[in-house]
Amino acid sequence: MESKYTLGMIGLGTMGRNLLLNMADNGFAVTGYDKDSKMIAKLKEDGAKHNLTAYSSLEDFVQSLELPRRIMLLVPAGPIVDSVIKELQPLLDKGDIIIDSGNSHFTDTNRRIADLSDAGIHFFGMGISGGEEGARFGPSIMPGGDKEAYGSMKAILEAVSAKVNGDPCVTYIGPGASGHFVKMVHNGIEYSMMQLLAESYDIMKNALDYSNEQIHEVFTKWNNGRLKSFLLEITAEIFLVKDDKGTGNDLLDMIKDEAKSKGTGMWTSQVSMDLQLPIPTINEAVSTRDLSKFKTLRVALAKAYPEAKPTAENKEQFIVELEQALYFSVITSYAQGLHLLWQASISYKYELKLHEIAQIWRGGCIIRAEFLEDIYQAYKKQPALEHLYADAGVQAKITEILPGMKSVVAHAAKSGLAIPAFASALSYFDSLRTARMPSNLIQAQRDLFGAHTFERTDAEGTFHAIWNPKKS
Ligand code: 6PG
């Protein structure tokens, strides 16, 4: 059989099919493989007018690809990726490239890179964001792995990615599993932003007594300003959707208040703990999804600790402050995610270029937002910037919105409204701008009960004190 296809996709579910159709739209000859004949039929039907085909035999699929082969996997993360690689590997040649485009854990990607490199096969961990729509019409793409091998995929990825001001939302992220790592942190920020929007909704609903329609209007108005973002836009739309089961209610009001997750947010928090790089607002978002599942306990405790219904006196002023609080906390969510990337780049030698990451997140992905342009400019000007708060432009914005942020957190705290993400964003900021923290007391405590020693402000070295001579 003559080799003729430029790229092959394994896994023809919605994401794989859509990405393949996107490649075909852009003039690439592509092919797919799936064990499920229905998936093959669906791809052939949707791509009838394109230069694409699909196989149910893995051998035929592999033989149909030009060398070096570019084989993309869009299969569920976990053991399925390993079993696909196991079947595929004997059919491949040195120099071929496997690209795992699922949300795999970066440590699995590290292992797969090492396993395949002995056989001369390049393994790429590549994050793709933008959901089904993004895959079909332009996602944000985060590929990491061997830089030379990236050269043979660059043209395809740039063509299919989203574009912002003509720039493709894809760049070579860095070596090793950096692509999957960056996608994981993208999802951590996604969790945080979703939680902040949920808390904003709760405040408007419970402190301001706003109807769903009013909340829709507020979110829509904000989305026309500096908070403009994909998540805010889709959130605003949710408030107008009616239940189609004949209840006459808004669909949102018929949905259980228990949130699920697939794990990428949790991984971000776990890694941040391993690297000892705090991302408390992202952690709160992850924990609050978990906390939401304790419904029975929550219902019981709501009865045990009743709270008077909160009210805000001046609703118009409150909305102004809430917008400021949301903007502050969104900035903080990005700042925490980027700080984690800054640390990972050092710890894992990823050589990340944070301005390029901000650049490719401006379009196609779930966390795309107007503010990413500011982030992009900040890191472009100062590639070694340790923290976004230290950028002069961001500092000016924070100084302006801080009063609103404080006011919202104080009001919610007094009213007994749960605002885990908002409150943590403010405390995180306040800790980071504290020149002398009370951590000297922690050191004193550690030394008192465990002789763990401490460092002095006026001399080098470690010291131990006899804290209570009478007891010793
Ligand atoms: C994206 C999304 C995508 C997926 C999340 C959902 O960037 O396109 O992040 O990867 O929708 O993984 O995650 P949870 O199921 O954990 O909310």
Side-chain angles (χ1 to χ4, degrees), residues 11 13-19 22 72-78 80-81 99-106 108-109 125-144 157 160-162 164 169-171 173 177-198 229-235 238 255-272 279 281-293 330 333-334 337 340-341 357-369 372 421:
T14 316
M15 287 294 287
R17 185 173 64 248
N18 280 358
L19 199 59
N22 182 351
M72 198 173 275
L73 316 185
L74 254 167
V75 297
I80 295 182
V81 175
I99 308 139
D100 173 17
S101 301
N103 277 335
S104 291
H105 195 286
F106 74 102
D108 284 338
T109 303
M126 187 167 95
I128 296 192
S129 178
E132 296 170 11
E133 183 90 357
R136 183 67 186 87
F137 300 109
S140 177
I141 309 178
M142 294 150 254
L157 299 179
V160 300
S161 73
V164 173
C169 292
V170 58
T171 190
I173 296 289
S178 58
H180 273 150
F181 191 94
V182 168
K183 174 58 178 26
M184 176 192 75
V185 175
H186 164 286
N187 282 27
I189 299 171
E190 172 184 305
Y191 273 55
S192 187
M193 289 171 63
M194 290 167 73
Q195 175 64 26
L196 288 163
L197 289 167
S229 60
F230 170 73
L231 280 170
L232 183 53
E233 181 190 325
I234 59 143
T235 303
I238 287 171
I255 299 178
K256 279 191 181 180
D257 61 338
E258 294 173 61
K260 297 207 162 81
S261 50
K262 288 203 206 101
T264 47
M266 176 183 74
W267 296 345
T268 313
S269 292
Q270 286 170 334
V271 172
S272 83
I279 51 164
T281 310
I282 293 172
N283 296 344
E284 281 298 347
V286 174
S287 295
T288 306
R289 283 202 199 183
D290 293 338
L291 193 148
S292 75
K293 291 172 210 141
V330 163
S333 306
Y334 285 113
L340 180 56
L341 291 181
I357 292 169
Q359 186 178 20
I360 66 162
W361 283 352
R362 290 179 311 171
C365 66
I366 302 296
I367 63 166
R368 62 185 185 260
L372 274 161

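Every number for a ligand or one of its atoms is a count from 1 in the order of the listing.
- Checking Ser104 against Asp108 by side-chain atom types alone, no donor-acceptor pair falls below 3.5 Å.
- Checked against salt bridge (Lys or Arg N to Asp or Glu O under 4.0 Å), Arg289 has no partners two or more places apart in sequence or in another chain.
- Judged purely by atom type and a 3.5 angstrom limit, Thr268 uses its side chain to pair as donor or acceptor with the backbone of Met184.
- Taken from CD1 in Ile189 to OG in Ser333, the straight-line distance is 7.5 Å, to the nearest 0.5 Å.
- Closer than 4.0 angstrom to ligand 1 lie heavy atoms from Asn103, Ser129, Gly130, Gly131, Lys183, His186, Asn187, Glu190, Tyr191, Ser261, Lys262, Gly263, Arg289, Ile366.
- For the side-chain hydrogen bond (donor to acceptor under 3.5 Å, both in side chains) test, residues two or more places apart in sequence or in another chain that qualify with Ser129 are His186.
- Listed by chain and residue number, Asn103, Asn187, Tyr191, Trp267 satisfy the side-chain contact (heavy atoms from CB on, under 4.5 Å) test with Thr264 (two or more places apart in sequence, or in another chain).
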